[in-house]
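For the numbers below, each heavy atom of this structure counts, side chains included, while hydrogens, waters and symmetry mates do not. Whatever order the structure lists them in is the order used to number ligands and atoms, beginning at 1.
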Amino acid sequence: MEDIGELFDGLFADVDAVVLFSPSGSYFERFDDLEETDVVVIATENSVGADSFVELPLDFDEVSQRVKFGLEGALEQGFIDGGDMVVCATSVFDGTADTVSRVRADEDVRSGVYDLFANSRAEAAVIKNVLELVVELGKKGQKGEPVGALFVVGDAGKVMNKSRPLSYNPFEKSHVHVGDPIVNVMLKEFSRLDGAFVISDSGKIVSAYRYLEPSAEGVDIPKGLGTRHMAAGAVTRDTNATAIVLSESDGLVRAFKGGELVLEIDPEDY
Ligand SMILES: Nc1ncnc2c1ncn2[C@@H]1O[C@H](COP(=O)(O)OP(=O)(O)OP(=O)(O)O)[C@@H](O)[C@H]1O
Ligand SMILES: [Mn+2]
């Protein structure tokens with residue numbers, strides 16, 4: 001009779017690399033001297049001191065997103081090669097490695113989500129701060145009401161040139177940055193009004209209430225999304241900005257880069 005290990009042998013056959021998501025130190029050490037198989041660690045911090053390390057900007061709740069982010073990062077940093085067979089160990093339940101996925105790291109896994117953090121014009125921490133703010137706004141709404149919001153992050157000069165004010169800019173001449181708790185309260189308050197927020201590469205709030213007027217020619221966003229999302233997609237094709245959008249109608253948070261939808265998350269999962 002076969003034992004369970006043999007039955008699952010196929011999962012581990014011909015593996016080029018093992019990817020460990022947020023491993024404990026002792027768990028990591030057991031893998032570290034594997035022969036012929038590379039070990040890559042993906043976590044918010046490299047607390048185990050791995051040589052091959054990809055930084056996770058947030059704990060993706062959905063495993064497929066976590067794995068995509070990790071594999072894109074590992075490909076980008078050259079820890080694995082396109083076409084490699086990879087086994088990922090991650091946690092779905094209580095923080096210990098309880099789930100294994102076998103994935104081929106080809107171009108199909110590239111959704112652009114790693115690229116969003118690592119290769120946006122804006123600093124990765126700024127993207128992360130905006131994403132956190134938008135997720136929080138999506139969870140709680142504003143005064144209990146669902147609210148929509150559009151943040152255009154990075155390449156602010158060009159974004160300002162492709163937009164016009166809908167009202168006076170409350171951030172005119174101020175030097176405040178996203179991520180500051182008081183500023184985040186203000187941003188949430190202003191999100192009830194129309195238009196987009198424009199944020200610089202370093203996180204400075206350049207403007208609220210901007211009406212974006214990018215050329216939407218050739219922008220291909222999923223059907224069913226309205227003008228806010230169209231403007232978000234289009235402005236990221238017309239400039240080097242990244243757009244992060246909270247939908248008032250379906251409550252999801254989406255990010256666009258290079259004219260494409262690269263991330264879609266449900267704030268309730270975070
Ligand atoms: N070009 C634009 N620039 C800035 N803001 C815009 C633009 N177009 C729409 N918006 C904002 O988006 C809001 C919602 O518009 P609309 O319902 O068409 O978008 P949507 O993509 O369906 O978004 P939602 O899912 O939040 O409803 C508008 O009230 C406006 O504040
Ligand atoms: Mn709408």
Under 4.0 Å from a heavy atom of [X]: give me the atoms of ligand 1 that qualify, with their elements.
X	value
Glu248	24 (P), 25 (O), 26 (O)
Ser247	24 (P), 25 (O), 26 (O)
Asp194	28 (C), 29 (O), 30 (C), 31 (O)
Arg210	3 (N), 4 (C)
Ala231	1 (N), 2 (C)
His229	20 (P), 21 (O), 23 (O), 25 (O)

Counting both backbone and side chain atoms, is some N or O of Gly226 under 3.5 Å from an N or O of ligand 1?
->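 Yes, since at least one N or O of Gly226 sits under 3.5 Å from an N or O of ligand 1.
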Are Arg228 and Glu248 within salt-bridge range, i.e. N to O under 4.0 Å?
->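 Result for this pair is yes, salt bridge flagged.
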Would you mind checking which non-hydrogen protein atom is closest to [atom], with the distance to 0.1 Å?
atom	result
atom 14 (C) of ligand 1	Arg228 NH2, 3.5 Å
atom 5 (N) of ligand 1	Gly195 CA, 3.4 Å
atom 7 (C) of ligand 1	Tyr211 CE1, 3.9 Å
atom 3 (N) of ligand 1	Leu212 N, 2.9 Å
atom 15 (O) of ligand 1	Thr227 OG1, 3.3 Å
atom 27 (O) of ligand 1	Ser249 OG, 3.3 Å

Work out whether the distance between some heavy atom of Met230 and some atom of ligand 1 is less than 4.0 Å.
->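 No, Met230 has no heavy atom closer than 4.0 Å to ligand 1.
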Would you confirm whether any non-hydrogen atom of the protein falls under 4.0 Å from atom 17 (O) of ligand 1?
->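 Under the 4.0 Å cut-off, atom 17 (O) of ligand 1 has no protein heavy-atom neighbours at all.
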Would you check if the side chain of Arg237 reaches a backbone N or O of Gly258 as a donor-acceptor pair within less than 3.5 Å?
->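 Not at all, since once roles are kept as given, no pair shorter than 3.5 Å links the two residues.
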Are any non-hydrogen side-chain atoms of Met230 and Ile221 less than 4.5 angstrom apart?
->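 A side-chain contact under 4.5 Å exists here.
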Within a strict 4.5 Å, meaning less than it, do heavy atoms of the Tyr27 and Thr96 side chains meet?
->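 They are not in side-chain contact.
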Will you find, in the side chains of Glu136 and Asn184, an N or O donor that is under 3.5 Å from an N or O acceptor?
->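 No, because no side-chain N or O of Glu136 sits under 3.5 Å from a partner of the opposite role on Asn184.
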Tyr209 vs Tyr168 aromatic rings, parallel, tilted or perpendicular, using cut-offs 30° and 60°?
->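 The arrangement is tilted - the two ring planes meet at 30° to 60°.
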Are more than 12 heavy atoms from other residues, nucleotides or ligands located less than 6.0 Å from atom CZ of Arg192?
->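 Count over threshold, so yes.
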Decide if atom CG of Asp14 counts as having more than 12 heavy atoms of other residues, nucleotides or ligands within a radius under 6.0 Å.
->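 Incorrect, the count does not exceed 12.
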Do Phe171 and Phe190 make the cut of ring centroids closer than 6.0 angstrom?
->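 Here the rings of Phe190 and Phe171 have centres that are less than 6.0 Å from each other.
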Applying a 4.0 Å heavy-atom criterion (strictly less than), which segment of Glu213 is in contact with ligand 1: side chain, backbone, both, or neither?
->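 Neither part.
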Option among Thr242, Asp115, Thr236, Asn119 that satisfies the side-chain hydrogen bond (donor to acceptor under 3.5 Å, both in side chains) test with Lys257 |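 Of the listed options, the one satisfying the test is Asp115.
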